[in-house]
K.L.:
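Quick one: this structure, given as C-alpha cells, is what I'll be asking you about.
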Amino acid sequence: MSAGEAIGPAVLREFEARFGGGPTWVARAPGRVNLIGEHTDYNDGFVLPMAIDREVRIALRPRADRRVVLHSLDFGETRTVELDAMVRSGEDWIEYVQGVAWALHKKTRLCGWEGVTAGDVPIGAGLSSSAALELAAARAFSAVCGFEWEAREMALTAQRAENAWVGVNCGIMDQMISAAGEAGHALLIDCRSLRTSPVPLPPGTAVVILDTATRRGLVDSAYNERRGMCEAAAGFFRVPALRDVSVAAFQARAAEMDPVMRRRARHVVTEIDRTLRAARALEAGDAAEVGRLMDESHASLRDDFEVSRGELDAIVGIAREHPACHGARMTGAGFGGCAVALVRADAADDFAATVAQRYDAATGLRARVYVCAASQGATVEVVASHPAAV
Ligand code: GLA
C-alpha cells in the first residue's frame with residue numbers, strides 16, 4: 001500500500017471528528033532515500049536522492065485568528081502555535097511546523113489554520129520524516145496565505161527552520177528533494193546552485209530500502225564534527241568548499257594532510273565524483289555501474305568517513321549476496337537507520353524477503369524492508385472550494 005492510501009482517509013476522518021465539516025486543502029510532502037552522494041551537500045557538492053512513496057499529510061482549513069491548531073495522529077497530541085508570539089517548547093514535533101512559520105514569517109504575513117496531520121515515513125530512520133513535515137507545513141501555509149510555491153525557496157526556508165529554530169545543522173538535500181522530487185525519477189541536485197536535473201531510474205530496476213531497526217545515537221555531535229573537519233580540509237586547500245577540489249588535486253596533496261582530515265576529505269571528494277558518474281550511468285540505463293558506485297560509496301563511508309555501524313555493514317553485505325542486487329550502501333547521515341539497494345525489479349520481492357530473514361537471523365533484530373517508488377515532491381490539493389471556518 002502506498003502512503004496516501006492509508007493515512008489519507010485517516011486524516012480526513014479525524015479532521016471531521018475534531019473540527020466538524022471538512023478541510024479546504026490536503027497538503028502532502030514525501031520522505032526521501034538518497035541513492036548516492038552522502039555527506040556531500042554541506043560541501044557544496046552533488047547528491048542523488050529520490051522522494052519516496054511515504055509521506056506526511058496535513059488536512060487543513062483557515063481560521064479567523066492568528067493561530068495554528070494542529071492535531072497529530074502519530075503522536076495523539078494537539079498543539080497550538082501563536083503566530084504573533086512563537087516560543088520554542090523544547091523537543092517536540094510541533095517545532096518543525098513552528099520553525100517553518102518562524103522562517104516564513106520573516107518574509108510574508110501568515111494566517112491561522114487548523115488541521116490534522118499523519119505520516120508513514122518512519123521517524124528517526126534516516127528517511128527525512130522531519131523534512132516531510134516541514135515541507136507539508138510550508139505547503140499548508142502557502143495554500144492558506146496565498147503565496148506562490150517556489151520549491152527551491154521553500155526548501156531553503158525549511159532548512160533555515162531546522163538549522164536556526166530546531167537547532168539541527170543539516171544540509172539542503174532532505175528539504176530540496178521533499179520540495180522538488182519528481183515521480184519516477186531521482187534528482188541530481190547541485191547543492192551550490194540548487195539546480196536540479198531529473199534522472200530516470202533504469203527500466204527493470206527497483207529501489208529497496210533496508211531498515212536495520214537501529215536508530216542513530218549521538219548523531220548531532222558526530223555530524224557537526226564531520227562538518228567541521230570538512231571545512232578545515234577546504235581551508236587546507238584554500239577553497240570555499242571541498243566541491244572545489246578535484247580527485248587529482250586531492251591526490252597531489254593528500255600526503256601532506258593530517259590522517260583523519262585526509263580520510264574525511266577523500267570520502268567527500270571521491271563521493272562527489274561517484275555521484276556525477278552514477279547520474280550518467282542512470283541516464284545510460286547502466287544499473288550494474290550504478291550498483292558498483294553504490295558499493296564503493298558504502299566502503300568510503302565506512303572506512304574514510306566512519307559513519308557506518310555493524311548492522312548497516314551486515315545488511316549491505318547480505319543484500320549484495322542476493323543475485324538480483326546491483327549494489328547497496330548505507331543511506332542518510334549514518335550511525336544507524338537504513339541502507340538502500342538497487343535491484344532487479346522482477347526479483348525485488350524475493351530480495352526483500354530473503355534479506356530481511358537473513359538479517360534477522362544474523363542480528364536478532366527485525367529489519368523492515370520497503371520496495372519503494374520515486375514520487376512527486378510536496379503538493380497541495382483543494383478538497384473544498386469554500387473555506388468553511390472563516
Ligand atoms: C542528513 C542531513 C543531510 C545530509 C545527510 C548526509 O540527512 O540532513 O543534509 O547531510 O545527512 O548526506
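Ligands are counted one by one from 1 in listed order, and the atoms in each one are counted from 1 as well.
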K.L.:
Heavy-atom contacts with Arg32 under 4.0 Å: which atoms of ligand 1 show up? List them by number with element.
P.N.:
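Taking each heavy atom of Arg32 in turn, ligand 1 has 7 (O) under 4.0 Å.
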
K.L.:
What atoms in ligand 1 come closer than 4.0 Å to a heavy atom of Tyr42?
P.N.:
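Every atom of ligand 1 under 4.0 Å from some heavy atom of Tyr42: 10 (O).
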
K.L.:
Please list the nearest protein heavy atom to atom 8 (O) of ligand 1 with its residue and the distance rounded to 0.1 Å.
P.N.:
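Result for atom 8 (O) of ligand 1: Asp174 OD2, 2.7 Å.
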
K.L.:
Quick one: do Arg243 and Asp190 make a salt bridge, cutoff under 4.0 Å?
P.N.:
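Result for this pair is yes, salt bridge flagged.
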
K.L.:
Determine, using ring centers only, whether Phe141 and Trp113 are less than 6.0 Å apart.
P.N.:
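They qualify: ring centres under 6.0 Å apart.
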
K.L.:
Return the closest protein heavy atom for atom 5 (C) of ligand 1 as residue, atom name and distance.
P.N.:
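Looking only at protein heavy atoms, the one closest to atom 5 (C) of ligand 1 is Met173 CE, 3.8 Å.
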
K.L.:
With sequence neighbours excluded, what pairs up with Tyr42 under the side-chain hydrogen bond (donor to acceptor under 3.5 Å, both in side chains) test?
P.N.:
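Once residues adjacent in sequence are excluded, the partners of Tyr42 under the side-chain hydrogen bond (donor to acceptor under 3.5 Å, both in side chains) criterion are His39.
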
K.L.:
If you look only at pairs with a residue in residues 160-174, which of them pass as a salt bridge (Lys or Arg N to Asp or Glu O under 4.0 Å), with sequence neighbours excluded?
P.N.:
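Those involving residues 160-174 are Arg32-Asp174.
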
K.L.:
In plain terms, say whether Arg28 and Glu381 are close enough for a salt bridge, that is, a side-chain N and a carboxylate O under 4.0 Å apart.
P.N.:
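So Arg28 does not pair with Glu381 through a salt bridge.
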
K.L.:
Mind checking whether Glu162 contacts ligand 1 via backbone (N, CA, C, O), side chain (CB onward), both or neither, at a 4.0 Å heavy-atom cut-off?
P.N.:
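None of Glu162 does.
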
K.L.:
Polar contacts were defined as any N/O atom of the residue lying under 3.5 Å from an N/O atom of the ligand; does this apply to Gly171 and ligand 1?
P.N.:
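N/O-N/O distance below 3.5 Å exists for this pair.
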
K.L.:
If you count the atoms of ligand 1 from 1 in the order shown, which ones are under 4.0 Å from a heavy atom of Ala333?
P.N.:
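The atoms of ligand 1 under 4.0 Å from a heavy atom of Ala333 are 1 (C), 11 (O).
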
K.L.:
Where is the nearest protein heavy atom to atom 10 (O) of ligand 1: which residue, which atom, and how far?
P.N.:
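Checked against all protein heavy atoms, atom 10 (O) of ligand 1 sits closest to Tyr223 OH, 2.6 Å.
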
K.L.:
Taking the six-membered ring of Phe335, is NZ or CZ of Arg309 closer than 6.0 Å to its centre and within 45° of its axis?
P.N.:
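Arg309 over Phe335 ring: no.
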
K.L.:
Determine, for Glu296 against Arg292, whether the closest basic-nitrogen to carboxylate-oxygen distance falls under 4.0 angstrom.
P.N.:
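The answer is yes: the pair qualifies as a salt bridge.
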
K.L.:
Any N/O of His39 closer than 3.5 Å to an N/O of ligand 1?
P.N.:
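Indeed, backbone or side chain, His39 has an N or O that close.
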
K.L.:
Just to confirm my output: which protein heavy-atom neighbour is closest to atom 3 (C) of ligand 1, and how far is it?
P.N.:
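Going by distance alone, atom 3 (C) of ligand 1 is nearest to Asp41 OD2, 3.3 Å.
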
K.L.:
Is the closest heavy-atom distance from Arg226 to ligand 1 below 4.0 Å?
P.N.:
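It does not, in that no heavy atom of Arg226 comes within the 4.0 Å cut-off of ligand 1.
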
K.L.:
Considering only NZ, NE, NH1 and NH2 on the basic side and carboxylate oxygens on the acidic side, decide whether Asp303 and Arg263 come within less than 4.0 Å.
P.N.:
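No.
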
